[in-house]
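These notes are about the structure you will find just below.
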Amino acid sequence: MCHVIVTCRSMLWTLLSIVVAFAELIAFMSADWLIGKAKSRSGAEPDDRSGGSPEPYHPTLGIYARCIRNPGVQHVQRDTLCGPYAENFGEIASGFWQATAIFLAVGIFILCTVALVSVFTMCVQSIMKKSIFNVCGLLQGIAGLFLILGLILYPAGWGCQKAIGYCGHYASAYKPGDCSLGWAFYTAIGGTVLTFICAVFSAQAEIATSSDKVQEEIEEGKNLICLL
C-alpha cells in the first residue's frame, strides 16, 4: 500500500527541482544569450546625428538561435524574426558552443528526469533499498557539474564569426565586445546555483521523510501523512 508522505522540506525540494529544470530548459532554447549592438532597420549602425533615422533595435544571439529584425515588414507591430540559425548540430557557430550545447543538454536531461521522479517521492521513497532523495540529489549534483562546464565554455566562443557579426570586431573569447549579456545567460547561471541548492536540500527531504514521527504515523496505519 502506498503511504503518501508530504513534508515541507520534501515539497519544497520537489517544487525547486521542477522550477530549476524548466528554467534551464527555457534558457537553453532562448536566443537572448547575447544582445547585439544597436542597428537600424536597414542593418546599418544608427547615426544619432541624423534626427530622421529609424528607431534602432538590438538583435540577439543564442547558442543555436537568433532574433533579428524582419526588413520586409513595414507596418506590422511584431516584426522580429526568431528561430534557429543552425539547421543541424554542425552549423552551430563555434566548436565551444557545440560543446556547451552538449553539456547543457545532458545536464538539462538529468534535471528533467529528476523533476519527473520527484513528483513520485511523496508515495515512493526508496528503490532497491536506495533512497530516491539521495539518488536524485547525487544526480542533481552531477547535472550541476555539466551545467558549469557548459557555462565556462560558452564565453570562449564569443570570438567566432557569428558573434563578431553581432558584437563587433572587438569581440573575442571571454570578451563580448559591443554586446551585453542577455537574461538567458543569467537565468542559466541562477539555475545552476539552484541545482546545487536542490542537491543539498534533497538530504534534508530524506531526513524529514524518514523521521521517527513519520514511522510512527505509518505504524498507526495512516496512508496520508502531512508534516511541517
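In terms of heavy atoms, A65 sits closest to M29 at CB-O, 4.4 Å. Closest of all the heavy-atom pairs between G62 and W33 is CA-CD1, 3.8 Å. Nearest heavy atom pair, residue G107 against residue A143, reads O-CB, 3.6 Å. Residues I68 and P59 come closest through the heavy atom pair CG2-CB, 4.4 Å. For the pair C136 and V114, the tightest heavy-atom approach, listed with the atom from each and the gap, is CB-CG1, 3.8 Å. Residues Y85 and I63 come closest through the heavy atom pair OH-O, 2.7 Å.
A side-chain contact (heavy atoms from CB on, under 4.5 Å) with F196 is found for one member of T192, V193, V200 and no other, namely T192.
Residues I110 and Q140 have side chains not in contact (no heavy-atom distance under 4.5 Å, counting atoms from C-beta outward). At least one side-chain heavy atom of C198 sits under 4.5 Å from a side-chain heavy atom of S17. Counting only heavy atoms from C-beta outward, the side chains of F89 and Q98 approach each other to under 4.5 Å. Within the 4.5 Å cutoff, no side-chain heavy atoms of L111 are placed close to those of L25.
Criterion: ILVMFWY side-chain heavy atoms under 4.5 Å apart, direct or through other members. Under it, Y170 and L181 are not part of a common hydrophobic cluster. Put simply, L138 and W13 are part of the same group of oily side chains (I, L, V, M, F, W, Y) that touch within less than 4.5 Å, one to the next. Under the 4.5 Å side-chain heavy-atom criterion for ILVMFWY residues, no single connected hydrophobic cluster contains both V19 and M11. Under the 4.5 Å side-chain heavy-atom criterion for Ile, Leu, Val, Met, Phe, Trp and Tyr, I35 and F185 are members of distinct hydrophobic clusters. In the hydrophobic clustering of this structure, L139 groups with F133; members are Ile, Leu, Val, Met, Phe, Trp, Tyr whose side-chain heavy atoms approach within less than 4.5 Å, directly or through other members.
By the 6.0 Å contact criterion, CZ on F96 is open, its count of non-hydrogen atoms from other residues, nucleotides or ligands being 12 or less. Annotation for F109: atom CZ does not count as buried by contact number, only 12 or fewer foreign heavy atoms lying within 6.0 Å.
By the ring pair (Phe, Tyr, Trp, His ring centres under 6.0 Å) test, F28 is found to be paired with Y64, residues two or more places apart in sequence or in another chain being considered. Taking the side-chain contact (heavy atoms from CB on, under 4.5 Å) definition, one finds that C112 meets it with A21, I108, sequence neighbours left out.
Considering OG of S202 and CG of L16, their distance stands at 11.5 Å, rounded to 0.5 Å. Taken from CD1 in I92 to CH2 in W97, the straight-line distance is 9.5 Å, to the nearest 0.5 Å. Rounded to the nearest 0.5 angstrom, K37 NZ and C179 SG are separated by 8.5 Å.
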Evaluate the criterion side chain to side chain contact (heavy atoms under 4.5 Å, CB included) for residue pair Y166 and L34; output intermediate values, then yes/no.
CA-CA 8 Å; Y166 280 72; L34 282 175; over 6 Å; no
Would W183 and I26 count as a side chain to side chain contact (heavy atoms under 4.5 Å, CB included) if you check the C-alpha gap in whole Å, the side-chain angles of each, and the deciding distance to 0.1 Å?
CA-CA 11 Å; W183 64 265; I26 292 173; 3.9 Å; yes
Stepwise side chain to side chain contact (heavy atoms under 4.5 Å, CB included) check, I197 with V20:
CA-CA 10 Å; I197 293 177; V20 166; over 6 Å; no
Mind listing the side-chain donor-acceptor pairs of residues 145-158 below 3.5 Å, one per line with the distance, residues two or more places apart or on another chain?
none

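Not one N or O on the side chain of S30 forms a donor-acceptor pair closer than 3.5 Å with the backbone of A27.
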